[in-house]
Amino acid sequence: MISAAIVGGTGYTGIELIRLLSAHPEVSIDLLTSRSEAGTRADEIFPSLRGISDIVFSDLGDETLATLQQCDVVFFATPHGVAMKQAEALTEAGVKVIDLAADFRLQSLADFEHWYQQAHACPELLRTAVYGLPEINREKLANALVVGNPGCYPTTAILGLKPIIDAQNQQAERLVESRIVIDAKSGVSGAGRQAKLALNYAETTDNFKAYSVEGHRHLPEIEQGVAQLLESQFSHRIRFLPHLVPMIRGMLSSIHLELTEAGAAIDWQQVFGTSYAAEPFIDVMPRGVYPDTRSVRASNRLRIGIYQDNERAELTVIVVQDNLVKGAAGQAVQNMNVMFGFDETLGLNFAPIVP
Ligand SMILES: NC(=O)c1ccc[n+]([C@@H]2O[C@H](COP(=O)([O-])OP(=O)(O)OC[C@H]3O[C@@H](n4cnc5c(N)ncnc54)[C@H](OP(=O)(O)O)[C@@H]3O)[C@@H](O)[C@H]2O)c1
């Protein structure tokens, strides 16, 4: 049994971590923090936790830091810039850190400063941090002290592109042209549990819009994923455009690629099927079947559908996930399982909720 703490337990990914870790047979949640709700029982704020957890929120003060240092793992379900201020003190005490924010995702300090508008507090620790996509970084995660849990959109984009980039590298020739278009949609919980006018019910319901049209923070993460994580031998120009859709959970990314002559000779349905056959949380849909977001709701699964049109030289990869689970808290628990040598699916192997 390991001892876990969650910093930022009043947010959407925080409560999702409580839900998942409470059911995990090898984890005890020993500390849960909130600055606004310190002293309050979590199940008073979230009645869904009644009978599941009797934990009380603690403030994130100096005393709490001492308690955090006694845990085996600390999850930061906080905004960007919080984990990097605590991570050194924790890792020096031998505590593993999993940050759901972006402090340990981008290896380029210039990119981090540009996109997150702050200097990095611990660049040396950043260099040792592992990007938390188990499907790619399983071996590195097993020895990681600090994990940068991926952004929700990059999880769909990088896993949606992996079989293509891998095949291209293996054949050492371009199978898709350089331009990649990622047209992505997210439910409103992707923006967290904050009170903002743009996230009000009347603003988001019965409405559908593109946002961050001129540049989204997840673009450099996707670019890093293709160039460094997938080690693409070929350069790619990526256009990533996110949209907000009127639903609570769920994310769908349509990835559009143009096939080269060599790429059109490949059966991509078969390539994706083979590539992910052994992955417990990735499901490649049968030929001609495309996934919807409710087929993954509240689960750690990510489903992929493939459409190939050789006459038009088109390949479309459709990826769905629950942004709060495989896109955040579930992936963090999957990473924790790998880091502590547990079965990777422990505490995560349950069916999605339908309807
Ligand atoms: N929502 C998603 O789908 C999703 C997906 C992937 C990644 N993420 C990332 O995961 C992180 C958490 O997201 P979320 O959606 O759960 O956010 P959220 O709902 O806004 O919750 C943020 C939490 O952090 C705490 N907090 C805020 N500022 C803090 C500070 N300076 N120090 C300590 N605690 C602080 C808040 O509680 P108090 O104010 O009470 O302290 C709250 O519990 C973010 O970095 C987000 O980008 C989110």
Side-chain angles (χ1 to χ4, degrees), residues 5-20 31-40 42 44-46 55-62 64-65 68 74-87 90 97-106 112 115-116 118 121 131-133 147-158 184-196 198-199 204 212 216-218 221-222 242 244-245 247-253 293 296-298 300 302 320-335:
I6 302 167
V7 179
T10 52
Y12 286 150
T13 62
I15 186 184
E16 200 63 358
L17 279 169
I18 305 173
R19 177 175 80 95
L20 297 172
L31 191 74
L32 184 65
T33 84
S34 160
R35 299 159 313 158
S36 58
E37 299 293 348
T40 311
E44 274 182 44
I45 315 256
F46 300 114
I55 196 159
V56 173
F57 288 111
S58 304
D59 200 359
L60 186 60
D62 290 345
T64 319
L65 181 61
L68 288 177
V74 176
F75 293 89
F76 282 88
T78 46
H80 317 300
V82 177
M84 66 184 181
K85 296 198 183 90
Q86 311 278 347
L90 292 174
V97 170
I98 302 177
D99 180 28
L100 278 72
D103 298 6
F104 296 101
R105 293 182 196 156
L106 294 177
F112 180 80
W115 289 97
Y116 293 94
Q118 52 192 305
Y131 190 75
L133 259 188
V147 168
N149 213 57
C152 43
Y153 288 119
T155 297
T156 60
I158 297 168
K185 282 103 186 163
S186 173
V188 182
S189 64
R193 192 168 166 259
Q194 48 187 322
K196 262 195 184 171
L199 301 175
T204 54
S212 299
H216 188 281
R217 290 165 163 180
H218 287 178
E221 200 180 320
I222 297 169
L244 196 64
V245 290
M247 55 186 196
I248 297 171
R249 285 170 182 256
M251 175 165 284
L252 185 151
S253 296
T293 56
V296 291
R297 186 182 298 150
N300 199 48
L302 176 142
V320 298
Q321 70 176 3
D322 185 319
N323 55 293
L324 292 175
V325 191
K326 183 61 175 163
Q331 181 128 274
V333 173
Q334 191 182 347
N335 284 323

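Side chains are part of it too, since the values below use all heavy atoms of this structure and drop only hydrogens, waters and symmetry mates. In each ligand, atom 1 is the first atom listed, and ligand 1 is the first ligand listed.
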Any heavy atom of L60 under 4.0 Å from ligand 1? The part involved is side chain

In terms of its nearest heavy atom to atom 14 (P) of ligand 1, the top option of D103, T40, T13, L324 is T13

Is there a side-chain contact between T33 and I6, using heavy atoms and a 4.5 Å cut-off?
-> no

The closest protein heavy-atom partner of atom 21 (O) of ligand 1 is G11 CA, 3.2 Å

Among T78, V82, L100, N149, closest by heavy atom to atom 45 (O) of ligand 1 is T78

Are any of the heavy atoms in G151 under 4.0 Å away from ligand 1? no

Could you tell me whether the side chain of L133 reaches within less than 4.5 Å of the side chain of I158, counting heavy atoms only?
yes

Residues F104 and M84: closest non-hydrogen pair is CZ-CA, 3.9 Å

Ligand 1 atoms nearer than 4.0 angstrom to some heavy atom of G9 are 43 (O)

Numbered in order shown, the ligand 1 atoms found under 4.0 Å of a heavy atom of Y12 are 16 (O), 19 (O)

shortest atom 20 (O) of ligand 1-to-protein heavy-atom contact is with R193 N, 3.6 Å

Less than 4.5 Å apart, any side-chain heavy atom of H80 and any of Q118? yes

min-distance protein heavy atom vs atom 1 (N) of ligand 1 -> S189 O, 3.0 Å

The option among A77, A191, A332, G190 carrying the non-hydrogen atom nearest to atom 22 (C) of ligand 1 is A77

Open item on the list: Within the structure provided, determine whether V320 and L302 are in side-chain contact (heavy-atom separation under 4.5 Å).
Closed with: no

What I want to find out is whether D322 reaches R297 closely enough, with some N-O distance under 4.0 Å, to be called a salt bridge. no

When distances are taken from atom 3 (O) of ligand 1, the protein heavy atom at minimum range is N323 ND2, 2.9 Å

Filtering G81, A83, G8 for the heavy atom nearest atom 25 (C) of ligand 1 leaves G8

Per-atom filter on ligand 1: closer than 4.0 angstrom to a heavy atom of A328 are 5 (C), 6 (C)

**Asked** Within 4.0 Å of atom 29 (C) of ligand 1 (strictly less), any protein heavy atom?
**Response** yes

Regarding N149 and D99, is there a side-chain donor-to-acceptor distance under 3.5 Å anywhere? no

Atom 6 (C) of ligand 1: closest protein heavy atom, distance to 0.1 Å, is G327 O, 3.2 Å

**Message:** If you define the side chain from C-beta out and look only at heavy atoms, does anything of H218 sit under 4.5 Å from R105?
**Reply:** yes

Out of H80, E16, R35, K85, the nearest non-hydrogen contact to atom 41 (O) of ligand 1 is supplied by R35

re atom 15 (O) of ligand 1, the protein heavy-atom contact at minimum distance is G192 CA, 3.1 Å

closest protein heavy atom to atom 43 (O) of ligand 1 is T10 OG1, 2.6 Å

Given the options W115, Y153, Y131, E221 meets side-chain hydrogen bond (donor to acceptor under 3.5 Å, both in side chains) only with Y131

Ligand 1 atoms nearer than 4.0 angstrom to some heavy atom of S34 are 38 (P), 40 (O), 41 (O)

With F75 as partner, the option from L17, V97, T13 fulfilling side chain to side chain contact (heavy atoms under 4.5 Å, CB included) is L17

task: Please check if atom CG in L65 has more than 12 non-hydrogen atoms from other residues, nucleotides or ligands closer than 6.0 Å.
output: yes

